[in-house]
Structure formats: structure tokens, C-alpha cells
Protein chains: 2
Amino acid sequence: MVTIKQVSEKAGVSSATVSRVINNTGTVKEKTRDAVMAAMSELGYRHNVVAASLASNKTHTIGYVVPELHGSFFGAMMGGTEQALRQAKKHMLIATGHSDANIEKEQIDALLSRRCDALILHVEAVSNDYLVSLVHQGVELVVVNRYIEEIGDNCISLDNTLGGYLATRHLLDIGHTNIAYIAGSLFKDDAINRLNGHRKALAEANVAYQDGLTYEGNFQARSGTEGIRALLASGAKFSAVACGNDEMASGAMIALREAGRRIPEDISVIGYDNIDFASYLSPGLTTMDYPVQKIGNMAAHWVLERVYGHNRFDYEHILNPRLILRGTTCSPE
Amino acid sequence: MVTIKQVSEKAGVSSATVSRVINNTGTVKEKTRDAVMAAMSELGYRHNVVAASLASNKTHTIGYVVPELHGSFFGAMMGGTEQALRQAKKHMLIATGHSDANIEKEQIDALLSRRCDALILHVEAVSNDYLVSLVHQGVELVVVNRYIEEIGDNCISLDNTLGGYLATRHLLDIGHTNIAYIAGSLFKDDAINRLNGHRKALAEANVAYQDGLTYEGNFQARSGTEGIRALLASGAKFSAVACGNDEMASGAMIALREAGRRIPEDISVIGYDNIDFASYLSPGLTTMDYPVQKIGNMAAHWVLERVYGHNRFDYEHILNPRLILRGTTCSPE
DNA sequence: ATAAAAAATGAAAGCGCTTACAATTGGGAG
DNA sequence: CTCCCAATTGTAAGCGCTTTCATTTTTTAT
């Protein structure tokens, strides 16, 4: 490996000067800069970022923790982040937490050991207190898709209660009153909030909430299918079903068809997230838009601004979901 | 930040010994180990991986280049990789190449500057020669989803020609002879190979290939929709359509329905990749399984074995796709 | 008990860079 | 032609760790 030292000798300058041209810091005369550049390309020099990081105490690396890599949700989010970071020449070190508190902590720890300049965390198992304490320790981090009051400034999230409310509100507006709900894993905040929103809409419309119309799934398509089967088997009557996310909604659609119900004529279905394929289903899935890419992008800008002193960026801390009307909902006959 | 030095003083040993217990190398007496451990937790020591990397010339980091982060394909692949790497305590530094040769090269360069121990590359724009020369320079890398003969050992790919062949073969087997084809971007190897497979199957069945029945899309759903519209508008007759991937197939389905064609009664559709949501469509999409997670996993094991001397793992260099029969194909009446 | 071998530890030289700080150079202003 | 200031460059001290080699301690075999 050719080092800065060799370059400096070849160019007849000191290594400090070479460092200056590499980092474009300090002042260096045009002529020396050229000489250094020439020496670098002649020797095939490749900057050693590891050494630079040690010396400068900056790694230009952002640690990223997400629950899983598969599925289209986190890819979209990371895509939004990456777009902003790439331009700033930062990189992402990615780890998965698997919704398990120990793994999540372990990963955060590992990222910190690697001296990431900042962390972007979508963690679901670790406690609020733990995250708050990290912030108080001076760790630069932004929590996405989760809101923690004490560190609201470090959070970028969606108003899931509002989303749950709006979804059910839409169903009510078009005339449904018997509305089933297939929830996500209820140990997760977003699943809870979405369900709360659902209940709030019912209450507001003076429709009694019935436990028997709610099924707890796990955000996977399969649990949507199972949810509908269970609901149907229980003899519950409903003309519409709201789901905690689009995957479960598509699973639900499969079970409904299997039971001979037409969508939306017999049963309306509404999802949540508006992931890519929601529009490919047929009919297209009515759902709540989750601007996940935007959230990822904002998280990046938060970091750029806070940690690297980039220009002020206008991000919001709590975004609003909005209804995407497609073909799976209609008025009951 | 507390350093190894401070720990060593607190524990009354040398820093070399502390390093030994951290890395579990060399020999250290039970009792001293305990003393060091105690000192570490008392001081809240956090290992500095950057410094360790510089000194040991190993970063335990794998660089990963994919075209994009969104969509479900690359997430699945990276998930397969991550699973294996996490157990080995390696981390992934992720970059996107956007199917642009310059960006791809830039990113590879950046990852190398960060001294990744190895690279996993899904690159589509950079030339074979460039990759070959990297390998010859001694860069440890594995190319996924692409096969380059000179460095076959460094490649893990799918036999796309076979996949294209099998898809069309299935259509032929059930009686179709007028088969349209919606291809991916034809500057990409996989798109070309899939199309070649399609043609091979036609030839084998003595069905003439007609240019007018092939449409070049770009692997996005929208282009599937446009493809069908164009094909229909051109007056071409076909009872089945094979697509370069599932996204385009779902886009095609939308356009077919919009034109009043029933699937599969009027037109059979077959996709490629078997991404998650293929089974959520209705009817479920018949497609070719692309074991992408497995490929990601094998890439990880290749690295583990080659770069870190882990146990021999049994990976294949060229995997075979297989037909997944669902509801979008049937015999023409 | 003693020598030789093995185990445990320490000293110190880097790894390749950044960054005060000091030293040098080059231009005008006077 | 000096002197002062700004621009440019060099010196050298780390950054926090790993690792070789030497040294000390312990164990084992005789």
C-alpha cells in the first residue's frame, strides 16, 4: 500500500501538505497541489480512510439499525437516506435488530465501537429510557418511525394514531359500521397507535368498539389471511376490514376471496403504508400513505445538519399520513 | 473516551494484556482476565474498532454495492448476507451504484479506501475487464448475479438463460404458441439472457420468433403496463406473455385487465424473480423462482471462507431457477 | 530439587493519517 | 531597501490499538 509519506517524498513536499491537498484544507499553492496530485496518480495512491478517521476522530460513517432488510419498507427508507448521504460522501454501516432488545443493543454498541459519527435507528424492542440515555451520553442519533417525547428533537415519525383514525374514518364516511380490524404485533408502538386511531374514529362516530372484530396479526401477509379466517369462523359480521399494514391487507384479500367474498362489493379492505405493490394488486389497494422514503431522507438531513454542520434543512418531526384511494373500498350496498 | 491504556493502569497490567483479553488472543491467566474485565466495565470502556483496524489491517467490514436500495429484490439479497455476517460479527458498508459505471466505480473506490476486507458487488454498468482487473490487483470480491468467466470463482449467479427458457417452455408445454415477451433493459446481462432463453425455447419448439411480439421495458412495473398497451395497440396476437421480472408482470396484468382480458383465461402471464408479493397478486403470479436470499447468503459465506478463513462452505457458483406454478397461466382454450 | 519447556506478561515500535505550532517565503507599504 | 503581514510549508506529536520479541513466571519432567 502506498502511503502519504511516499507521495510526499515523490512530490518533494511534507506529508502535511499532501494531507492538505487530499482534504482540501488549509492553503496550498496551485503548483504544489499539482505536483502532489501527479505524485498520487503516478504511485496509485489510495487514501486510507481508517487512518484518517483515527487521527481526525471522524469516520464519515452513519450507523443504521433496522429490524430487517427484506420487504420493501426499509429498503425504501434507506434509499431515501442514502440519496442524501451519497452526495455528502458519507457512508452507511447497516445492522439489523430483529425486533429483539438484546440484538438491538448489541448492534448499537457495535456501531458505536466502530465510531460512527451518528446513528439512525428504527428499533422497536429497546426501551425509551435506553434511547434517552444514549442521547444524554452525547450519542448523536435520530430515531425514526417512533416518537419519544423527552428527545422529540431526535425523532422523525409518522402520526400513526392519525393514520389509523383516517383509515377507519374513510370506511365510516362511506357508510360502513361493522368494521373489522387486523392489527400488527401489539407490542409495537405503531401497531398500538394505529389501532387506537381506529378506535378513536369509531368512538367519534358513536360506533361501539367490539373486541370480537379485532385480530392481532404480526404485520406479515400470512397473519392477514389467518386473521380473516379466524374472524369469519367466529361468525363475526363485518362489511369492511382495516389492516395494520399492506402486507396483512393483501393476506386478508386472499382469505376473503377464498371465502367467496368479492372485494370491494362484499367487503371493503383498507391497508396501511402504501408500499410499492399496493397499486399492483387488483383491485388496487386503498391504503394510508406512509412517506417512508421522505422520512429516511429527513433523517439523513438531520445528521448532515447536526453532525456535519451542513446547511439548515427543513424537516418535520411528525409527518402526516394521507389516504390513498384505490379500488378496494366502496360503500356497502 | 476511555482507552486501553487507562484500563491497563486500573487493572495493573500492560496494554498488551488488555488487548489480549479484548481479542481473546494469546494466553492470559484467568485471574488477570477477570481483573481486566472488571476494570473495563468499571471505566465503561468501549473498544475502538477504528484504531484496531489501523493497527491490525483488518476492518471486519464488507463493502456492498447494489444498484438501488428500494424494491424487494436487494433487500432480500442483503438480508441473506447479513444473516451470515452478523453471526461472524462482520458488518456491511452499503453503497448504491445506480447502474451507472462512474458511480459504481466511485463507490467501489470509496469502499476500498475505507479498507473493506472484501466487497460484494451487484454492479451492472461496469465492464467485465474492470472487475477482472480488480481481482488481479488482489481485491477480494464476489460478484453476484453476474457471471464472468475469467473470474468464475468470484461469481455467484443464476442461470438466467435457463430461467428464460423454462418460463417460455412452460407456456409452450401447456399449449401456447403466440407468446409475447416483455424484456428488461436490454443493456443488462440478465435481461438479455432471459430473452435468449425465451428464444431458445421457441426455437426448440419450432415456433418462429417475432420481433413484433417483444417489447423492451426497464424492469419497472410501469413499463409492463406500457408494454402491453403497445403490443395490443400494434394489433399483435398472443395468448400468453412472459415478462423479464415480476414487477413488469404485475404492470402487464394491470394493462391486460384494463383492456378487458381475463387472466389466465384469455391471456396467461408469467413473471420472473418470485419476489414476495408475487403470491399476493390475484390470481397468484406464476413465475420463476430466483433464490436471491440464498445468493446473498452464499456471497457472505464465500467471504467468510476466503477472507476470514472460516470453515469450508458448500456454495454453488451458478444456481438454477425453477418454475413456481400459481394462477396466472393455463392452457389456451 | 533443578533444568528445560511452556505459559504469561511487558516494552516498544509501528499502523497511516491529522493538526497544532513553528518556520519560511513572498509581497507590498513605507 | 527594510519591515510587517499573510500565505505557504514543514515538524512532530499524537490518535488508540496490535503485535513482535524479549523477559519473567510457572509448570513439568527428571
Side-chain angles (χ1 to χ4, degrees), chain A residues 1-40 43-61 89 109-117 308, chain B residues 1-40 43-61 89 109-117 308:
Chain A
M1 242 6 0
V2 14
T3 71
I4 230 181
K5 187 98 191 308
Q6 300 172 42
V7 172
S8 73
E9 278 158 11
K10 177 131 204 158
V13 298
S14 74
S15 62
T17 298
V18 176
S19 174
R20 286 186 190 103
V21 353
I22 291 172
N23 297 296
N24 202 25
T25 60
T27 60
V28 17
K29 210 190 290 181
E30 184 78 20
K31 217 167 103 187
T32 34
R33 176 188 310 281
D34 292 347
V36 170
M37 298 283 233
M40 290 201 299
L43 294 173
Y45 173 74
R46 170 166 280 147
H47 191 46
N48 186 328
V49 175
V50 173
S53 295
L54 178 59
S56 68
N57 201 31
K58 275 255 166 290
T59 56
H60 302 283
T61 300
K89 303 224 181 262
D109 231 55
L111 294 175
L112 256 18
S113 277
R114 281 160 187 267
R115 294 300 188 266
C116 290
D117 293 336
Y308 300 110
Chain B
M1 242 5 2
V2 15
T3 72
I4 230 182
K5 188 98 191 305
Q6 300 171 43
V7 172
S8 75
E9 277 158 12
K10 176 130 206 160
V13 298
S14 74
S15 62
T17 299
V18 176
S19 174
R20 287 187 188 101
V21 353
I22 290 172
N23 297 296
N24 202 23
T25 58
T27 59
V28 18
K29 209 189 288 179
E30 183 79 19
K31 218 168 103 188
T32 33
R33 175 187 310 280
D34 292 345
V36 170
M37 298 283 232
M40 290 202 298
L43 295 172
Y45 173 74
R46 171 166 280 147
H47 192 47
N48 186 327
V49 174
V50 173
S53 295
L54 177 59
S56 68
N57 201 30
K58 275 256 166 290
T59 55
H60 302 284
T61 300
K89 304 221 180 264
D109 231 55
L111 294 175
L112 255 19
S113 276
R114 281 161 188 267
R115 294 299 189 267
C116 290
D117 294 335
Y308 300 110

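Proteins get letters first, then strands, A, B, ... in listed order; numbering begins at 1 in each. Here the structure is a predicted model, which means the values were calculated and not measured.
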Original post:
Whole-Å distance between D/dT25 C1' and B/Lys31 NZ?
Top reply: 13 Å
Original post:
Is there a side-chain polar atom (N or O) of A/Ser15 under 4.0 Å from OP1 or OP2 of C/dC17?
Top reply: no
Subject >> Proximity to the side chain of B/Thr32 - top-ranked nucleotide from C/dT9, D/dT18, D/dT9 >> reply: C/dT9
Original post:
Is there a donor on the side chain of A/Arg20 or the base of D/dG10 sitting less than 3.5 Å from an acceptor on the other?
Top reply: yes
Subject >> Heavy-atom check, side chain of B/Arg46 versus side chain of A/Leu112, under 4.5 Å >> reply: yes
Subject >> Donor-acceptor pair, side chain of A/Ser53 and main chain of A/Lys58, under 3.5 angstrom >> reply: yes
Subject >> Rounded distance (Å) that lies between atom P of D/dT11 and atom CD of A/Glu9 >> reply: 12 Å
Subject >> Minimum-distance nucleotide (side-chain atoms of A/Ser56 versus D/dT19, C/dT18, D/dT11) >> reply: C/dT18
Original post:
If you check every side-chain atom of B/His47, which of D/dT18, C/dC17, D/dT11 has the closest atom?
Top reply: D/dT18
**OP:** Determine the sole option in B/Val28, B/Ile4, B/Val21 for which the side-chain contact (heavy atoms from CB on, under 4.5 Å) test with B/Val36 is passed.
**Re:** B/Val21
**OP:** Send over the distance from A/Met1 CE to C/dC15 P, rounded to a whole Å.
**Re:** 14 Å
Original post:
For A/Asn23, does the CG atom have more than 12 heavy-atom neighbours from other residues, nucleotides or ligands under 6.0 Å away?
Top reply: yes
Original post:
Can you check whether A/Ser19 has a side-chain N or O nearer than 4.0 Å to OP1 or OP2 of C/dT18?
Top reply: yes
Original post:
Quick one: which of C/dA11, C/dC21, D/dC17 gets closest to the side chain of B/Ala55?
Top reply: D/dC17
**OP:** By nearest nucleotide on DNA chain D, pick out whichever of B/Leu54 and B/Lys29 is the more 5' one.
**Re:** B/Leu54
Original post:
Considering only heavy atoms and no angle criterion, is a donor-acceptor pair shorter than 3.5 Å present between the side chain of A/Arg115 and the base of D/dG16?
Top reply: no
**OP:** Round to a whole Å and report the spacing from CD of B/Glu30 to P of C/dA8.
**Re:** 10 Å
Original post:
What nucleic acid atoms does B/Ala52 come within less than 4.0 Å of, heavy atoms only: base, sugar-phosphate, or nothing?
Top reply: sugar-phosphate
**OP:** Respond yes when some side-chain nitrogen or oxygen of B/Thr27 is under 4.0 Å from OP1 or OP2 of C/dA8, and no when none is.
**Re:** yes
Original post:
Base, sugar-phosphate, or nothing: which does B/Val13 touch, judged by heavy atoms less than 4.0 Å apart?
Top reply: sugar-phosphate
Subject >> Side-chain N,O (B/Asn23) to OP1/OP2 (D/dT18) below 4.0 Å >> reply: yes
**OP:** Report yes if a side-chain nitrogen or oxygen of A/Thr3 is closer than 4.0 Å to either non-bridging phosphate oxygen (OP1 or OP2) of C/dG16; otherwise report no.
**Re:** no
Original post:
So do A/Tyr45 and A/Ile22 actually touch side chain to side chain, heavy atoms under 4.5 Å?
Top reply: yes
**OP:** Would you mind reading off the distance between A/Asn48 atom CG and C/dG14 atom P, rounded to a whole angstrom?
**Re:** 18 Å
**OP:** May I have the distance from B/Lys58 (atom NZ) to D/dT19 (atom P), rounded to whole angstrom?
**Re:** 10 Å
**OP:** Would you mind reading off the distance between B/Ile4 atom CD1 and D/dG14 atom C1', rounded to a whole angstrom?
**Re:** 17 Å
Original post:
Taking only N and O in the side chain of B/Thr17, is any of them less than 4.0 Å away from OP1 or OP2 of C/dG10?
Top reply: yes
Subject >> Listed nucleotide nearest any side-chain atom of A/Tyr45, set C/dC21, C/dC17, D/dT20 >> reply: C/dC17
Original post:
For B/Asp34, does the CG atom have more than 12 heavy-atom neighbours from other residues, nucleotides or ligands under 6.0 Å away?
Top reply: yes
Subject >> Atom-pair distance (CG on B/Asn57; C1' on D/dT20), nearest Å >> reply: 16 Å
